[in-house]
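Structure, as C-alpha cells:
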Amino acid sequence: MSTSGLTTEMLDLLSDIRQLAATAPTLEPLQQGIVTAITQRLPYYNWTGFYMLDPHDPETLVLGPFVGAPTTHVRIPVTEGICGAAVASGETVIVDDVHSDPRYLSCSIDTRSEIVVPIYVQGKVIGEIDIDSHDSAAFTNADRDFLEEAAQIVGAYIEQHPA
C-alpha cells in the first residue's frame, strides 16, 4: 500500500491502530478502539463499524463494535447489501450515492455514501470495516488506502491471536 496520499491524520491514526493492536488483550477492545478513534478524528465518518462472518454460519455477517446511530442490520446475509458485496467480491466497495445503488440496505436516512473494506485472515475474508458518511462521494483513494491498511492490521492481529 502506498501511504503517499494519506493525510497526516490518517497516518497518525494508523500509528495509533498499530499501537492498539500491539496492546489489545482481545479482538473486541481492538475493534472498539479503532472505531472510536476513527470516528473522533475523521468527522465525515458518521458511522464506523465492524461486521464479522459468523463462525457458525459463514454466510452471515454479524455486527461487532461500532460508533454511530443504532442499526437494525445486526445480521446481514453475504448475499445482501453493500456489506455482502464486499465479502462476495473480496474487494473494497465504494458507493458515492447509496440511494442510487440497489444493493444498499438503508440504516440511516442521513447516509449518502459508504465504503466497505474486507478483512483477510490467512487469505480468506473473515469480516469487514464498514463506514457510512452523510456526505455524497465522501470517500477517496486515500480513504481506501487508509482503511485497507487498518483492515490488514486487524487481520494480522487475528492471525496472531486465534480465538
Tell me the closest heavy-atom pair linking Glu159 and Gln122, and the distance in Å. OE2-N, 2.6 Å
What verdict does the side chain to side chain donor-acceptor pair (under 3.5 Å) test give for Thr48 and Thr39, after you've listed the backbone C-alpha separation in whole Å, the side-chain angles of each residue and the deciding distance to 0.1 Å? CA-CA 7 Å; Thr48 303; Thr39 303; 3.1 Å; yes
Flag, side chain of Asp143 to backbone of Thr140, donor-acceptor distance under 3.5 Å: yes
Are the charged groups of Glu80 and Arg75 less than 4.0 angstrom apart, N to O? no
Taking Trp47 for the side chain and Ala69 for the main chain, is one N or O donor matched with an acceptor at less than 3.5 Å? yes
Check whether Tyr157 reaches the backbone of Gln152 with its side chain - one donor and one acceptor, N or O, closer than 3.5 Å. no
What I want to check is whether the side chains of Gln19 and Thr23 have a donor and an acceptor closer together than 3.5 Å. no
What is the minimum heavy-atom distance between Pro118 and Val116, and which atoms define it? CD-O, 3.9 Å
Show the numbers, then the answer: is there a salt bridge (charged side-chain N to carboxylate O under 4.0 Å, His left out) between Asp132 and Arg112? CA-CA 7 Å; Asp132 294 351; Arg112 297 289 177 259; over 6 Å; no
Could you check if a side-chain atom of Val78 sits within less than 4.5 angstrom of a side-chain atom of Thr60, using non-hydrogen atoms only? no
Between Glu148 and Thr92: side-chain donor-acceptor atoms closer than 3.5 Å: yes
Test item: Ser133 side-chain N/O and Tyr44 main-chain N/O as donor-acceptor pair under 3.5 Å: yes
Centre-to-centre under 6.0 Å for Phe139 and Tyr45, is that the case here? yes
How about Glu9: does its CD atom have over 12 heavy atoms from other parts shown lying under 6.0 Å from it? yes
